[in-house]
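Below is one structure, written out as structure tokens; the observations come after it.
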Amino acid sequence: MAAVEIIDEKTIKIKVTVDDAITMVKEAAHHLDEYASEIITIYNKMPEFDYTYFCFYAYNSAKLFEKMLSIDPKEYLSFSLDAPDGFFYALYGGMCGLYDQAKKLVS
């Protein structure tokens with residue numbers, strides 16, 4: 001599970017691993033109807049970020065991300081995400097695998 005460090009009452013630092021990306025993909029696969037829009041958004045937008053440094057909040061696609069956290073990052077004014085490139089690559093690969101099914105649900 002992602003590690004969340006509370007820096008102060010306004011700031012948190014989130015650290016994720018490849019395992020967290022796998023957890024997110026599994027969650028999306030088990031609840032495809034709930035996350036279909038996010039799957040499509042992540043699939044479409046991650047290439048713009050060279051598959052890394054993706055901002056879940058910029059595209060209203062953070063529900064899946066927040067599912068793996070123990071707190072709601074929106075309760076803080078600032079947070080940073082420490083994630084290896086492998087986290088983003090694994091997440092994108094998983095979204096690629098779910099994309100066609102998600103498109104059928106949204107269409």
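FYI, side chains are in, hydrogens and waters are out, and symmetry mates aren't considered; it's all heavy atoms of this structure.
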Inset, instruction - Identify whether the distance between the nearest side-chain nitrogen and carboxylate oxygen of K63 and E66 falls below 4.0 Å. - result: no

Legend entry - hydrophobic_cluster_shared for L77 and I6, side chain cutoff 4.5 Å: no

Legend entry - A90 to V18 - nearest heavy-atom pair and separation: CB-CG1, 4.1 Å

Inset, instruction - Check whether any side-chain heavy atom of L32 lies under 4.5 Å from a side-chain heavy atom of I39, and answer yes or no. - result: yes

Inset, instruction - Rounded to the nearest 0.5 Å, what's the gap from OG1 on T52 to CG on L91? Could you check? - result: 12.0 Å

Legend entry - Non-hydrogen side-chain atoms of Q101 and L98 separated by less than 4.5 Å: yes

Legend entry - Cluster link I22 to M68, ILVMFWY, side chain under 4.5 Å: no

Legend entry - Contact check, side chains of I12 and I14, non-hydrogen atoms, under 4.5 Å: yes

Legend entry - I7 backbone acceptor or donor facing T11 side chain under 3.5 Å: no

Inset, instruction - Output yes when a side-chain donor or acceptor of E38 lies under 3.5 Å from a complementary backbone atom of L64, and no otherwise. - result: yes

Inset, instruction - Please identify each residue that fulfils ring-ring contact (aromatic ring centres under 6.0 Å, His included) with Y76, with sequence neighbours left out. - result: none

Inset, instruction - Test ring pair (Phe, Tyr, Trp, His ring centres under 6.0 Å) on Y99 and Y43 and set out the steps. - result: CA-CA 7 Å; Y99 179 77; Y43 174 86; 3.8 Å; yes

Inset, instruction - Apply ring-ring contact (aromatic ring centres under 6.0 Å, His included) to Y89 and list each qualifying residue two or more places apart in sequence or on a separate chain. - result: none

Legend entry - Expected output: side-chain D8 to main-chain K10 donor-acceptor under 3.5 Å: yes

Inset, instruction - Identify whether the distance between the nearest side-chain nitrogen and carboxylate oxygen of D72 and K74 falls below 4.0 Å. - result: yes

Inset, instruction - Please report the C-alpha distance between V4 and K13 in whole Å, then the side-chain angles of each, then the deciding distance to 0.1 Å, and finally whether the side chain to side chain contact (heavy atoms under 4.5 Å, CB included) criterion is met. - result: CA-CA 6 Å; V4 179; K13 183 175 183 177; over 6 Å; no

Legend entry - T41 and N44: side chain donor to acceptor below 3.5 Å: no

Inset, instruction - Examine distances only and state if a side-chain atom of H31 and a backbone atom of E27 form a donor-acceptor pair shorter than 3.5 Å. - result: no

Inset, instruction - For the pair F49 and Y59, name the ring-plane relationship: parallel under 30°, tilted 30 to 60°, perpendicular over 60°. - result: perpendicular

Legend entry - Partners passing ring-ring contact (aromatic ring centres under 6.0 Å, His included) against F56 (at least two apart in sequence or in another chain): F54, F65

Legend entry - F88 side chain reached by M46 side chain, heavy atoms, under 4.5 Å: yes

Inset, instruction - Determine whether M24 and F87 make a side-chain contact, defined as any pair of heavy atoms from C-beta on separated by less than 4.5 Å. - result: yes

Legend entry - Pairwise distance SG(C55) to NZ(K45) - rounded to 0.5 angstrom: 12.5 Å

Legend entry - Smallest separation among heavy atoms of P73 and L69, with atom names: CG-CD1, 3.6 Å

